[in-house]
Amino acid sequence: MDQKRLNALIAQRLPDHALDQVFYKDESIYRRDVDRIFMRSWLYAGHTSEIPDKGDYFLFNLADESVIVVRGEADEISTLINVCRHRGSRVCTKSSGRTSRLTCPYHGWTYALNGELRGVAHMDDGFDKSSRNLKSVHMRILEGMIYINFAENPCPFDPIVEDLEEVLKPYALASARVADRKKYVINANWKLSLENYTECYHCARAHPEYSRGHGLTLGKDKMASLLDEVMARASACGLSEKYVDNSYPDGEEFGSGRAYTRYPMLRGHVTGSEDGKSVAPLMGTIKDYDGGCTDFQVGPISFGLAYCDHVVIYRFIPLTADTSECDITWLVNGDAVDGIDYDKSRVTWLWDVTTEADKLIIEHNQQGVNSRYYEPGPYSKMEAFTDRFVSWYLECVSS
Amino acid sequence: MDQKRLNALIAQRLPDHALDQVFYKDESIYRRDVDRIFMRSWLYAGHTSEIPDKGDYFLFNLADESVIVVRGEADEISTLINVCRHRGSRVCTKSSGRTSRLTCPYHGWTYALNGELRGVAHMDDGFDKSSRNLKSVHMRILEGMIYINFAENPCPFDPIVEDLEEVLKPYALASARVADRKKYVINANWKLSLENYTECYHCARAHPEYSRGHGLTLGKDKMASLLDEVMARASACGLSEKYVDNSYPDGEEFGSGRAYTRYPMLRGHVTGSEDGKSVAPLMGTIKDYDGGCTDFQVGPISFGLAYCDHVVIYRFIPLTADTSECDITWLVNGDAVDGIDYDKSRVTWLWDVTTEADKLIIEHNQQGVNSRYYEPGPYSKMEAFTDRFVSWYLECVSS
Amino acid sequence: MDQKRLNALIAQRLPDHALDQVFYKDESIYRRDVDRIFMRSWLYAGHTSEIPDKGDYFLFNLADESVIVVRGEADEISTLINVCRHRGSRVCTKSSGRTSRLTCPYHGWTYALNGELRGVAHMDDGFDKSSRNLKSVHMRILEGMIYINFAENPCPFDPIVEDLEEVLKPYALASARVADRKKYVINANWKLSLENYTECYHCARAHPEYSRGHGLTLGKDKMASLLDEVMARASACGLSEKYVDNSYPDGEEFGSGRAYTRYPMLRGHVTGSEDGKSVAPLMGTIKDYDGGCTDFQVGPISFGLAYCDHVVIYRFIPLTADTSECDITWLVNGDAVDGIDYDKSRVTWLWDVTTEADKLIIEHNQQGVNSRYYEPGPYSKMEAFTDRFVSWYLECVSS
C-alpha cells in the first residue's frame, strides 16, 4: 500500500467511526505502524525494582526488536540493543537474569554493562573495538518506571515529568515493588487491543468483576456526583486533586502523551479487588482510601491504574500484523512482604480475569473485522477516548 | 496474478488434464475462487432439524465469513451475517446454541432473531437503529436442507427445486433427523478436495470399505446390467426412476447445479455400511431396499448420498488457499431413536473411514503438486465428471 | 526483489563481513537460493547400506521437492521424482520402506523400480505409457555415499571422485553401516546454518564437549605443531597424507566442491566421543589411531567428519525461507554389530549434543539478524572459510 492510497483511505473515514478492515489486516500498514508509532514513542519497559543490583537485566521485546535493560557498574541503567555487533546474534537469550558482563553466546564477544565492547578474540590487528559497542536507545525514568524510545531524536520526555511527577508522588512508585508481571498474547492487531483498552463501553457487559466496583460504567451525572465526594476526601488522604489530560498530543510531542484522571469506586469498594477490600498496605504516603481510583498514561500505549494500595501498569505492543501482547505489572508498597502483607493472587485477581476476558473479546473482534461484510460502525458516547486514539493514530500514519 | 495472465494459463490447459500447479497454490487465484465460486453459488448450510425451536442457531463459517442460521419468532429461518454493526465483533461466538436475542458479547448491542437492532446504550440521539440491522444473505430450503447464497442477486434456486423436489420426496428429508455431523480439515486447496470427491477412479485402491459394496468401481457393462435390475425394483420400493444431470451449468444458472443419479450396490449390500446390512429404519415412504444407491448434488460444492435407510450430505469449503474443510451430515428417519432404532457409530462408519482416507490422499496430492516437477497428467475414462467440474471451474474464473 | 536490486546489494557488501539482513529474510532471495544453489549442486542423499535389497527405498525431501532413492531389479539405484505422472500425488508417502513396485496410493498407477510406468487402468486407448514414466534426477555414488543433482545438465562429479576416492579409501565407506541418522529442524535461514558449520570460532565458547578433544580451537602455531605429529603417524596407521582444498569452486564446477583436510585431536582423545576413547572398531583398513581427525566436503552443503572409528556426514537443506534442516548420518565399520561392537548412543553423543547446541545458537542468530538494528560485522581470522562460503554464495546468486 503506497502512501497515496493510504491517505485516500484515511480521508474517507467517517468521523466517530471505527477503522476500515484494511487497517487491521494489511502487512504494509502494520509495518508503517511500527515505524511511525512504536519506533518514535515513549514505551514502558519495566520498573527499576526489577533490576535492583549491578548486572541485573531484563529484555524488552517488540516485534523483531529486543532491548536489554540492565543496571550497570555505577548503578546507572542502560538500554542496549540486544544484537551482537559481530554477526548479529541475540546477546541475552533469557528474558531476565544477572551477569557481570554481556557475553554473546555465539562467539563470545564480551561487552561491559554499559555496552562497550571489551573482549574479542582472533580479530585482525586493525580491528577497532570502540566502533563495535552495543547500540542503545533512549531511556528515561519516571518514579521508578523505565521508559524507552527507539527514535534517534526522541520526542520530549520532560513534559511527561512536569505533568505527572507531582501527582504520582504520593504513590512513591520509585520505591514500590513488583508483586507480579504477566504477558497476554492476543490474536488480533494491536489497534484492536488499544481500542478495547481505551473505552469502558464494554465493561458493563463484559466485565462484571470490574463493573461492580468501579464507577466508569455509571451514567455521567451519577458518576460526577460520586466523584465530587471522592475529590473532597482526596487531599486529606494524601492524594492530588490535579488533573492531566494530554493523552494524544501531536506535533513535536506526538509520542509524549500523558494523563492523570480520577473516578469513583462503588458500593464500599476501596480498591480493585475481588471483594472490593484492601489487598495490600497503602502505597507511599497515602493515608487512607479516598473512595476513588486513578487512570494515568505515559506515551500512547502505556497506561496505569493507581489504587490506594496497588498500582497496575499496562503496556500494549505488536508482535505481528495480527497478534499483539498485553504486558501487565502489579506494583505494591516497597515495604510490603509477599505472603505476609499481601497475597499476590488477591492483588492480581481483578485485572487478570479482566484481561483474559478482553483477550477473547478482542479476538472475536478481529474475526468479525476480517469479514468482507464488516463496515465500521459509529462510536457511542462512551467511546470518545477511543475516537481520540484512532484520530491521533490516523494523523500519525498519514503523510 | 492479473486476469490476463490467468486467462493465458486457462487457454494453455490441455483438455482432459488436471490443472497447473498455480491453481492449487496461488493466493490471488484462491481469492478469486472465493469471489467467483463461493460468494455466488448455493451452498449447503445445514438441516432444519438442527434448529427445531425458536432461537436455535448454528454458524456457517467459510474462509473469513460467518453466517448465523437461526430460527426466529415466527418459526422462520434467518441467515444473518455474524458481524456486529457497531465495531465488527462476531455476535455469536459458539458454533451452535439457543438464545432469545442475538447480543454482541462486546458492547451488548442486541438484535432480534431476524437481525433487527433492538437495544443499544449510550448512542448519540440522532442514531438510527434501523440502519444498523445485521446484514443477511439469501436462503432457500429444499426438503429440510438449508442452502445459502452470498450474492446480492443470486443465481436461481427454482430450477433446483423443480428438478429435485419430486425425486427426493420418498426420503422425506424435511422430517429427517441428524444422526451426526462432523468436519474434516484437509491441508490442501479446495479444488483438490473437489477433484477427489468427483471421481471414483481412486475408489478401487483407496477405499476397499466402499468398493466392496458399491457398483461405481465396476466395469461399465457390468454396472449397467446391475443397474437395470435395481431400476426394475425402484418403483415398487417407492423410489423415483427419474434422472437429473445438470451438475455444472454455466450462464445464469452457473451456481445452481443439480443432479440425481443412481447406481447399484454389490453382493447383498443394501446400504452403505460396514457389513452391507441395514443401519437404520427405511427413510420416509420407501418400502424396501431396491439394491441401489443415489448420488445427488445441489450447487457446485454440496453433494448427497442417499441410501434407503440414511442420507449423507457432503459440503466442501475453502478455509485458506491451502486448507479446505469437508463437512458431513448423516440423516436418518425422523422417527428413529438413537440407541434404539439405530446405532450412530454404525450409521457414520463407512463415510467416516472413507473421508479420513481421502483426507490423507488429498494432502499427498497437494504435496506432490507443489513440486516443480509436477505437470498435469491426463484424466482416465473414470474421471470424466472431474473434468466437467474442472472445465466449469475454469470457465468461472476466466473473465 | 529483481536481479538489479540484488546485484546492487551484493556490490555494496563489505568484504569479510556477514551478509545484510535481506539475505536471511527475503522470500524472493530464498527462492533464488533454491534455484541457483540447491537445484544445481551435488547433494548428499544417503548411504547405499540404507537400501541393501531390491525394492528398498528412502526419500530425500528438500523444500517442495521429494526424490525416491530406490534399489532396483538389477541392484542399480534410481533417484526418481516422487510425483505421480497422473495427477501429481506423492507416490511414496513414507520416509523409507521396501516395495516390489512403486504404486501411487491415489489411483494405483504402478511404476517399476526404475520408474517405468507399468500398470494403469481405464485410460483411453491412445494412452502412451512410455511417455509417463517417473521423472528422475542425476545420481552418483562415491564410496557408498549417494549424491544427487537436480540439474538437467549437472556440474561434473568426476573431479570429486578424482580428488576424494583415494583419500577416503582407507575408511571403506562403501561397506560401512549406518549406526544412526537424525534430522534437526533449525528455525533459521539455511545460510545461517551453513555459516555456523563453516567456522569453529564459536567452538571454544559454545561447544566445550567438542573443544576439549579437537585441535581446531587452538592457536595456529600450536595446532600446526600437533598436526605435524599426526601426519607423521598417518601413513603407518593407514591414512592418506594428501590434502584436497577445493571447497567452493566457481565456473563449470561451481556445485562440485570437494575438500579433505586433517587436524589434530587433543590430550589423549583418539576420536570424537564423550571421553575421547574409541566408540567402535576401526574403519576399513585403518590400522591404528593416528591422533588426528578429518574434515571432508562433497558439494557446497554436504560435509563429513572422519574419525578412525566412525564417520559423521552432515547435510544442510532449506525447508522454507526461515527454516532449515540439518541431517546427520553416523557410519561405522560394516562388520560392527550394534550392542556388541559399539553402543549407538556413544557413537552419536558428541555430534548430537553439539548440533542441539548449534540449533539454539543459529536460531538466536536469526532473531538478532531480524532486528532493524542489525548490521553485518567483520569476520574474525577464524571465519575465513565462512567468508569463502559467503563470497561463493553471492557469486552464485548474482546475475
Side-chain angles (χ1 to χ4, degrees), chain B residues 14-25 27 188-189 191-192 194-196 198-208 211 216-220 223 322 357-384 386-387 390, chain C residues 27 31 34-35 38-40 59-68 79-95 101-111 115 117 119-129 131-137 150-152 319-320:
Chain B
L14 291 176
D16 283 315
H17 279 65
L19 295 172
D20 275 335
Q21 179 191 77
V22 68
F23 288 99
Y24 303 116
K25 283 186 80 175
E27 277 285 337
N189 184 270
K191 291 187 290 292
L192 291 176
L194 254 287
E195 290 178 47
N196 173 271
T198 52
E199 50 90 358
C200 213
Y201 185 31
H202 70 280
C203 297
R205 172 162 194 87
H207 302 313
S211 298
L216 261 195
T217 54
L218 294 178
K220 215 170 184 176
M223 193 172 92
D322 51 12
D358 277 331
K359 170 180 158 64
L360 290 180
I361 286 170
I362 297 164
E363 291 174 350
H364 290 136
N365 195 7
Q366 179 79 59
Q367 288 165 27
V369 161
N370 287 346
S371 164
R372 65 183 66 206
Y373 290 92
Y374 163 70
E375 55 186 69
Y379 286 135
S380 68
K381 291 175 197 165
M382 289 186 72
E383 291 163 292
T386 302
D387 186 58
V390 164
Chain C
E27 278 285 336
R31 284 194 300 270
V34 174
D35 288 352
F38 291 89
M39 293 294 111
R40 289 166 61 190
L59 300 185
F60 170 94
N61 294 331
L62 178 153
D64 286 325
E65 309 308 332
S66 181
V67 174
I68 309 164
T79 44
L80 307 167
I81 294 292
N82 189 12
V83 176
C84 183
R85 299 300 307 279
H86 174 224
R87 270 166 53 194
S89 174
R90 288 273 174 97
V91 174
C92 294
T93 59
K94 291 180 181 163
S95 61
R101 285 276 184 283
L102 300 167
T103 302
C104 180
Y106 204 158
H107 303 92
W109 283 31
T110 300
Y111 303 87
L117 179 56
V120 294
H122 302 292
M123 297 305 291
D124 279 334
D125 296 341
F127 178 70
D128 174 20
K129 277 197 291 204
S131 70
R132 291 276 151 187
N133 298 328
L134 290 179
K135 297 180 183 182
S136 64
V137 297
F150 284 95
E152 256 184 88
L319 299 177
T320 66

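Naming: A, B, ... by sequence-line order, numbering from 1 per chain.
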**Request:** Taking the side chain as every heavy atom from C-beta outward, state whether C/Lys135 and B/Glu375 have any atom pair closer than 4.5 Å.
**Result:** yes
**Message:** Measuring only between side-chain heavy atoms, which start at C-beta, is C/Arg87 closer than 4.5 Å to B/Tyr379?
**Reply:** yes
**Request:** May I have the step-by-step check of side chain to side chain contact (heavy atoms under 4.5 Å, CB included) for B/Lys381 and C/Asp125, ending in yes or no?
**Result:** CA-CA 10 Å; B/Lys381 291 175 197 165; C/Asp125 296 341; 4.0 Å; yes
**Prompt:** Do you know which of B/His17, B/Gln21, B/Gln366, B/Glu199 has the most heavy-atom pairs with chain C at a distance under 4.5 angstrom?
**Reply:** B/Glu199
From [atom1] ([X]) to [atom2] ([Y]), nearest 0.5 Å:
| X | Y | atom1 | atom2 | value |
| --- | --- | --- | --- | --- |
| B/Tyr373 | C/Ser136 | OH | OG | 9.0 Å |
| B/Asn365 | C/Cys104 | CG | SG | 8.0 Å |
| B/Leu360 | C/Thr93 | CG | OG1 | 8.5 Å |

Can you name the nearest heavy-atom pair linking [X] to [Y], along with the distance?
| X | Y | answer |
| --- | --- | --- |
| B/Ser371 | C/Glu65 | OG-OE1, 2.6 Å |
| C/Gly88 | B/Tyr374 | CA-CD1, 3.6 Å |
| B/Ala206 | C/Pro105 | CB-O, 4.2 Å |

So what's closer than 4.5 Å to chain C heavy atoms on [X]: side chain, backbone, both or neither?
| X | value |
| --- | --- |
| B/Asn196 | both |
| B/Glu363 | neither |
| B/Pro376 | backbone |

**Prompt:** Among B/Lys25, B/Gln367, B/Arg372, which residue meets the side-chain contact (heavy atoms from CB on, under 4.5 Å) test with C/Asp64?
**Reply:**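 Among B/Lys25, B/Gln367, B/Arg372, the one meeting side-chain contact (heavy atoms from CB on, under 4.5 Å) with C/Asp64 is B/Lys25.
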**Item:** C/Phe127 portion near chain B, given a 4.5 angstrom heavy-atom threshold
**Value:**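 Side chain only.
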**Complete:** When the 4.5 angstrom heavy-atom criterion is applied to C/Val67 and chain B, the contacting part is neither
**With sequence neighbours excluded, residues passing disulfide (SG to SG under 2.5 Å) with B/Cys200** =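 Counting only residues at least two positions away or on another chain, B/Cys200 forms a disulfide (SG to SG under 2.5 Å) with B/Cys203.
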**Message:** Checking the side chain of B/Tyr201 only, and the main-chain atoms of C/Ala121 only, is there a donor and an acceptor separated by less than 3.5 Å?
**Reply:**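 It does hold such a pair.
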**Options C/Met39, C/His86, C/Arg85, ranked by heavy-atom pairs under 4.5 Å with chain B, top entry** = C/His86
